[in-house]
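Side chains included, hydrogens not; waters and symmetry mates left out as well; all remaining heavy atoms used. Given the structure is predicted, the values throughout are model-derived calculations rather than measurements. Here is how names work: the chains are called A, B, and so on, in the same order as the sequence lines, proteins then strands, and each is numbered from 1.
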Amino acid sequence: MDLTDLLSGLNPHQREAVAAKPGHYLVLAGAGSGKTSVLTKRIAYLVEAENIWPHAILAVTFTNKAAAEMRLRIEQLLTQPHRGLWIGTFHGLANKLLRLHFREAGLNESFQILDQDDQLRMLKRVVAEMGLDAERFAPKQAMWLINAWKDEGLRPDAIQAGNHRQEPIWIDIYRAYETACRRSSVVDFAELLLRCQEVLLEHPALLAHYQNRFSHILVDEFQDTNTLQYAWIRLLAGERAQVFVVGDDDQSIYSWRGARVEHMQRFERDFPGAKTIKLEQNYRSTGNILAAANALIANNDGRMGKALWTDAGEGGKINVFGAFDDQEEARFTVEKIQKTSDAGEANGDLKAHAILYRSNAQSRLFEEALMQKGLPYRVYGGLRFFERAEIKDALSYLRLMQNREDDVALERAIATPPKGIGEKSLESLRNRAKSGGLSLFAAIVEALGSSGLSGRAKTGATALILMLEECTAAAREQELGDLIDTMLIKSGLNTHYQRVDRAEEGRADNLAELVNTARRFTPPIADQVPGEAPPAEQTPLQQFLAYAALEAGDHQSKPWEDSVQLMTLHSAKGLEFPFVYLVGLEEGLFPTQRASEDGTTALEEERRLAYVGITRARQVLTISHAESRRRHGQYQLQQPSRFIGEIPVNLLNQIRPKARARPNYSSGYGSNYGAPRQRYGESANMGLKLGGRVKHQMFGEGLLISAEGEGAYLRVEVKFDSVGMKWLQLASAGLVAV
DNA sequence: CAGCTAACAGTGAGA
DNA sequence: CTGTTAGCTG
């Protein structure tokens, strides 16, 4: 592709970013502003116009999906082969580096990657082996702490040096976990990055090599980088590389995962001479939707500042529907989808509709309503292919073929299919391993030699060892797919899951699908840089295992189908839909109770989440809330979310359920002469105010605690001096202010 | 070892 | 209320 093609069709700001002069750049890219396009064209521009060698470019993303998309688009843009160009996720690239330099990193050549489930199992064992009470020292919390520490780049000793508020025992758990991982030759996700960082710091020659190699580093979704990832970028960049990052501080919704939006503000300081380019023209949504998004996010402090605009016209207003309860909300939403779809507005296209909610639990009612109407739908979330139990069982055997020391895999293999090695035998084996500082596998071998196992367990253990030997031998002769097939038969997994498989679970099918996936699997091509030693050969099995760990597969089991899309706001980030239904906008739900209690920072992240939700919509945005909702089994009265109130009323189109007279809550503005400007959800309150004293004919005097609902439905909670808390229907309670 | 029952928790999820 | 898990029983 030639240069003019590359730059044509770009707006001035996009062009400025794509064809930027040498230097560091922070591209502040609003939702729908053509961010991915700018990033990929920047890379193409560097190669085609600036004659930068592809192998001098490093592009980092957070998800495999983003990396794959970028790779594809670059292939289309470049005229020359892009071999040597490193595009990948932080973890994928760290894995690549560690495989190349496993010796320097102090790792076994066939080290395996632990996913979250493996990590938790590992920690359960560590906590148990330390003789700690798993109630008080919950492995889950240990996992959370350890990951948070690693994300901050902290090893156990460094934590002790600094000040932290955790009991020292957690650090001991961290230390014991590290020992266990080292003994098993396994690394968790955070470890990939941390170890990578350390190996570069400890080997100046290696660091210099990569700093020399990469003259250009590009980062996508920069607002999501955690401390370690940012440090990694700075380290690799060194003094020489030009760094080009793209992000949106208003879409930072992962602080709970360690992401630090502050990196955006720090960028100009840490990378001297860095320039900021703002992309504010939006190519996705109508004007009203953008106006709503801008108004909402303006309530956050400390933003870098950015306002989306479009030349595409205003579009319709934002629909707001206040349902009587959660079921009505679901019914309404589904009916609206059906109507829109039938009316041809959406071309009968169901996948043009997305129902977005704050938490996964909310999907149920919508699923039920969709099912009732016979509309196909797809729910994002849940287990992914490589996370399914039967797949993880199979992967455990494969991991053992590569690395017998992999204790997590071995425990899993011992458990399924059952081998007569019960909890008692396992316990003695674990003890043997612990006291001897051995891996579990070594402990089994030793126990067999010294007749440390009883009859049935002995038979099972011998069979397992033999089976692994046979499979390992087969691995030398067979193709990956056949090899997995062989393993599934020899391990008894096939028979086991054919027997255990219940209708609809399709576990046996999944195992067959694993074989298919392996047959289709093409290992990534090792990029050989001219004048450098070829990278060490990895077996296809090893590469497949790394792939399975790093790319857990699609979230939904059913493939492509025209269906309504259901997902959380978090997983909607980066997507867009013509028709978006933002549901459950209620205080306590969105923003969550927790966020409201935690204060401004947490609330602002919720607001950014709402901003992400609004900006997913291309044509029509419908927001809904229910006045009453079943939560944890009981009906609770809900107030509309403050976020609805933050959208100017003139952008809203109030929808009222038919056949039921309902108060008109947004018309207070104007008709209610002299009243203070009303926000959505507020209503006149007969001189009563929250926190004030009130009097009831029967209950006497009390304190007005809270109010929910609207107009005729307005209910108040009063703490009476004599009878305690009561909920009252304001219209009929006859309360008077004292 | 598998299947059942009781107890419990209940925000989000990338690699 | 519901889905998950730990622990017990057959």
Side-chain angles (χ1 to χ4, degrees), chain A residues 60-67 88-96 113-120 124 134-135 138 140 144 147 150-151 187-194 196 220-221 224-226 228-229 252-259 326 356-365 368 380-384 386-387 414-426 456 460 496 499-500 502 546-553 555 567-574 584 588-598 602 605-606 608-609 612-613 629-636:
Chain A
V60 199
T61 66
F62 277 84
T63 65
N64 288 300
K65 201 176 147 213
T89 62
F90 279 99
H91 296 86
L93 295 167
N95 176 57
K96 190 168 178 167
I113 300 164
L114 298 185
D115 69 7
Q116 199 155 325
D117 180 65
D118 296 326
Q119 189 185 17
L120 187 60
K124 275 184 185 158
E135 294 276 298
K140 269 219 177 93
W144 199 90
N147 288 338
K150 287 190 180 183
D151 284 346
V187 297
D188 58 50
F189 287 129
E191 183 74 22
L192 281 172
L193 284 169
L194 184 51
C196 189
D220 190 17
E221 304 278 16
D224 288 339
T225 48
N226 65 35
L228 184 53
Q229 288 159 341
S252 162
I253 54 173
Y254 285 114
S255 73
W256 50 275
R257 215 164 65 182
D326 45 2
L356 309 182
Y357 36 78
R358 175 65 238 261
S359 76
N360 283 309
Q362 287 169 257
S363 76
R364 256 202 49 207
L365 288 173
E368 282 169 14
Y380 282 67
L383 281 190
R384 298 147 97 201
F386 286 110
E387 290 167 351
I414 287 171
T416 322
K419 308 182 164 45
I421 306 176
E423 193 49 42
K424 233 176 64 203
S425 319
L426 196 54
R456 204 146 51 133
H496 175 76
R499 201 161 47 82
V500 177
R502 268 178 274 231
Y547 165 79
L550 290 170
E551 159 89 271
H555 254 309
M567 67 190 81
T568 62
L569 286 154
H570 280 94
S571 40
K573 196 177 109 178
L589 193 64
F590 187 30
T592 59
Q593 190 68 46
R594 178 89 66 96
S596 308
E597 285 160 4
D598 281 2
E605 184 149 317
E606 293 286 298
R608 290 193 291 269
L609 197 53
V612 166
R629 171 180 303 273
R630 220 155 99 171
R631 299 187 69 186
H632 311 314
Q634 312 196 74
Y635 276 97
Q636 281 187 13

Value in whole Å for how far the [atom2] atom of [N] lies from [atom1] of [X]:
{"X": "H496(A)", "N": "dA2(B)", "atom1": "NE2", "atom2": "P", "result": "6 Å"}
{"X": "N147(A)", "N": "dG14(B)", "atom1": "CG", "atom2": "C1'", "result": "12 Å"}
{"X": "D224(A)", "N": "dA15(B)", "atom1": "CG", "atom2": "C1'", "result": "13 Å"}
{"X": "E551(A)", "N": "dA15(B)", "atom1": "CD", "atom2": "P", "result": "6 Å"}
{"X": "Q119(A)", "N": "dG14(B)", "atom1": "CD", "atom2": "C1'", "result": "14 Å"}
{"X": "H91(A)", "N": "dA13(B)", "atom1": "NE2", "atom2": "C1'", "result": "12 Å"}
{"X": "N226(A)", "N": "dA13(B)", "atom1": "CG", "atom2": "C1'", "result": "14 Å"}

* Using a cut-off of strictly less than 4.0 Å, decide whether R384(A) has a side-chain nitrogen or oxygen near OP1 or OP2 of dA15(B). =>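 Yes, within the criterion.
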* Output yes when at least one side-chain N/O atom of N64(A) is less than 4.0 Å from OP1 or OP2 of dG14(B), else no. => no
* Structure fact -> Hits for side chain to side chain contact (heavy atoms under 4.5 Å, CB included) against K65(A), two or more places apart or cross-chain, chain-then-number order -> T63(A), L575(A)
* To do: Give me the ring orientation class for W256(A) and H570(A): parallel if the planes are under 30° apart, tilted from 30 to 60°, perpendicular past 60°.
  => perpendicular
With 3.5 Å as the limit, what N/O pairs link the protein to nucleotides 5-12 of chain B?
from	atom 1	to	atom 2	distance (Å)
dT11(B)	O2	R358(A)	NH1	2.9
dT11(B)	O2	R358(A)	NH2	2.3
dG12(B)	OP1	N360(A)	N	2.5
dG12(B)	OP1	N360(A)	ND2	3.2
dG12(B)	O4'	R358(A)	NH2	3.3
dG12(B)	O3'	T568(A)	OG1	3.4
dG12(B)	N2	W256(A)	NE1	3.4
dG12(B)	N3	W256(A)	NE1	3.2

* Spacing of the P atoms in dG3(C) and dG12(B) (rounded, Å) -> 15 Å
* To do: Would you mind telling me which residue lines up with the more 5' stretch of DNA chain B, T63(A) or P417(A), judged by nearest nucleotide?
  =>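 With T63(A) and P417(A) compared, the 5'-side residue is P417(A).
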* Does Q116(A) make a side-chain donor-acceptor contact with the base of dA13(B), cut-off 3.5 Å? ->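 Counting by modelled atom types and ignoring angles, no donor-acceptor contact under 3.5 Å is found here.
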* Remember a base hit wins even if backbone is also touched, and classify F189(A) as base, sugar-phosphate or nothing at under 4.0 Å, heavy atoms. =>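 Base contact - F189(A) has a heavy atom under 4.0 Å of at least one base atom.
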* Heavy atoms under 4.0 Å, any strand shown: does K573(A) hit a base, just sugar-phosphate, or nothing? ->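 Nothing: the residue K573(A), judged by heavy atoms under 4.0 Å, touches no strand.
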* Bounds of contact between DNA chain C and chain A, in 5' to 3' order, using a heavy-atom cut-off under 4.0 Å ->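 On DNA chain C, the outermost contacted nucleotides are dC1(C) to dA6(C).
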